[in-house]
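To keep things clear, I will list the structure first and then write my remarks on it.
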Amino acid sequence: VVRKLKVGDAIENSRRTFERVARDWHANTKSKWDVVHALDVLRSLERDVFPAIGSLPIAELAPPLILAVLRDIEARGSIETAKRVRQRISATFVYGMAEGIVKSDPAEKLGAALKPIRKGRHPAITELGALRDMILAAEKDYARPITRLALRFLALTAVRPNELRGSRWSEFEDLDGNYPLWRI
């Protein structure tokens with residue numbers, strides 16, 4: 001009986017893959033987020049984490065394996081994404097601990113091992129051709145239609161992103177007319 005229980009536990013543990021637990025965590029948590037953010041979280045896991053460690057039993061994952069996934073993200077120059085993915089991996093382990101699937105979070109302390117985010121000045125684009133190239137490059141990337149429109153609108157108005165985010169419909173006048181106006 002004990003042997004059968006051990007075999008049953010081993011089979012169940014092998015079914016509790018990182019991907020399965022991460023999807024359960026995501027389904028449980030996504031109601032707290034905006035729909036777009038929830039999709040971004042899942043997409044980052046599907047793109048960067050599941051191919052590497054998604055099929056492995058979550059209880060067998062160790063910090064070096066997780067760090068290797070994060071280093072791959074860093075290697076393509078996505079330092080901030082690596083930090084966010086580490087947080088999402090860690091949140092999956094916290095969920096797994098609450099569910100009794102794992103005993104610890106091997107991703108918890110890995111933030112210190114990642115490259116620091118370089119902060120610095122971002123020079124302004126002062127030439128129309130360079131601005132056009134930047135907008136086209138951004139549109140070719142992962143930008144959603146609403147993001148593309150926001151980028152174009154920012155380029156046309158030269159306002160700060162916070163101004164655009166905080167705008168109200170009542171500030172816009174004559175949008176369908178010949179001389180649309182935005183009064184801030």
Side-chain angles (χ1 to χ4, degrees), residues 5-123 134 137-148 150-151 154 160-162 164-165:
L5 287 174
K6 285 182 180 179
V7 168
D9 285 347
I11 290 171
E12 184 57 31
N13 285 339
S14 69
R15 288 185 187 147
R16 290 179 176 163
T17 63
F18 179 81
E19 182 173 353
R20 184 172 163 198
V21 176
R23 287 186 186 278
D24 289 347
W25 162 75
H26 182 266
N28 185 59
T29 312
K30 72 179 179 180
S31 63
K32 299 178 191 177
W33 300 323
D34 181 76
V35 174
V36 173
H37 178 68
L39 288 171
D40 284 345
V41 169
L42 187 58
R43 187 172 41 235
S44 70
L45 292 172
E46 288 172 342
R47 181 185 59 230
D48 296 320
V49 181
F50 295 164
I53 62 172
S55 61
L56 299 175
I58 191 168
E60 294 179 16
L61 292 176
L65 269 174
I66 297 166
L67 185 60
V69 170
L70 299 173
R71 291 274 191 240
D72 287 344
I73 298 169
E74 283 182 333
R76 67 173 194 250
S78 301
I79 309 300
E80 192 167 332
T81 300
K83 291 185 179 297
R84 287 185 183 157
V85 167
R86 189 216 55 83
Q87 291 171 339
R88 293 165 186 167
I89 292 171
S90 187
T92 299
F93 277 97
V94 170
Y95 175 80
M97 287 167 39
E99 292 289 323
I101 299 168
V102 294
K103 301 219 182 302
S104 65
D105 174 9
E108 179 182 18
K109 304 288 186 193
L110 292 180
L114 298 176
K115 293 179 183 176
I117 296 173
R118 272 186 34 214
K119 302 215 181 219
R121 296 185 51 83
H122 300 284
M134 187 227 27
E139 287 182 353
K140 286 179 186 174
D141 202 12
Y142 294 104
R144 288 180 229 80
I146 191 72
T147 305
R148 288 186 203 125
L151 284 171
L154 284 171
R160 292 183 175 158
N162 260 353
L164 178 59
R165 254 194 323 260

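Residue numbers count from 1 along this sequence. Source: prediction; values computed, not measured.
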Minimum heavy-atom distance between [X] and [Y], given as atom pair plus value:
| X | Y | answer |
| --- | --- | --- |
| Ile89 | Ala107 | CG2-CB, 3.8 Å |
| Ala52 | Val69 | CB-CG2, 3.7 Å |
| Leu110 | Pro63 | CD1-O, 3.8 Å |

Can you tell me how far the [atom1] atom of [X] sits from the [atom2] atom of [Y], to the nearest 0.5 Å?
| X | Y | atom1 | atom2 | value |
| --- | --- | --- | --- | --- |
| Ile58 | Thr17 | CD1 | OG1 | 8.0 Å |
| Ile66 | Arg86 | CD1 | CZ | 10.0 Å |
| Thr92 | Met97 | OG1 | CE | 12.5 Å |
| Ile101 | Glu99 | CD1 | CD | 5.5 Å |

side-chain contact (heavy atoms from CB on, under 4.5 Å) against [X], all qualifying residues, sequence neighbours excluded:
| X | result |
| --- | --- |
| Ala38 | His26, Lys30, Trp33 |
| Leu65 | Leu56, Leu61 |
| Ala113 | Leu67, Arg71 |
| Asp40 | Val36, Arg43, Arg144 |

*Please work out which of the three classes, parallel, tilted or perpendicular, describes the rings of Phe18 and Phe50, given edges at 30° and 60°.*
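Aromatic pair Phe50/Phe18 classed perpendicular.
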
*asked:* Within the 3.5 Å criterion, strictly below it, is a donor on Arg88 or Ser44 matched to an acceptor on the partner's side chain?
replied: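 Yes, a side-chain donor-acceptor pair sits under 3.5 Å.
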
*Mind checking whether Ile79 and Leu114 have side chains closer than 4.5 Å, heavy atoms only?*
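Answer no - side chains too far apart.
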
*Are any non-hydrogen side-chain atoms of Phe93 and Pro106 less than 4.5 angstrom apart?*
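When only atoms from C-beta onward are counted, Pro106 and Phe93 do touch, with a gap below 4.5 Å.
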
_Pairs flagged by salt bridge (Lys or Arg N to Asp or Glu O under 4.0 Å) wherever residues 48-61 is involved - sequence neighbours left out_ =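 Qualifying pairs: Asp48-Arg76.
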
*Tell me, with the steps shown, if Trp25 and Val41 meet side chain to side chain contact (heavy atoms under 4.5 Å, CB included).*
CA-CA 11 Å; Trp25 162 75; Val41 169; 3.9 Å; yes

_Tell me which pairs pass side-chain hydrogen bond (donor to acceptor under 3.5 Å, both in side chains) where either residue lies in residues 105-117, with sequence neighbours left out._
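The answer is Ser90-Asp105.
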
*Verify salt bridge (charged side-chain N to carboxylate O under 4.0 Å, His left out) between Arg23 and Glu46, making sure each step is shown before the conclusion.*
CA-CA 10 Å; Arg23 287 186 186 278; Glu46 288 172 342; 3.1 Å; yes

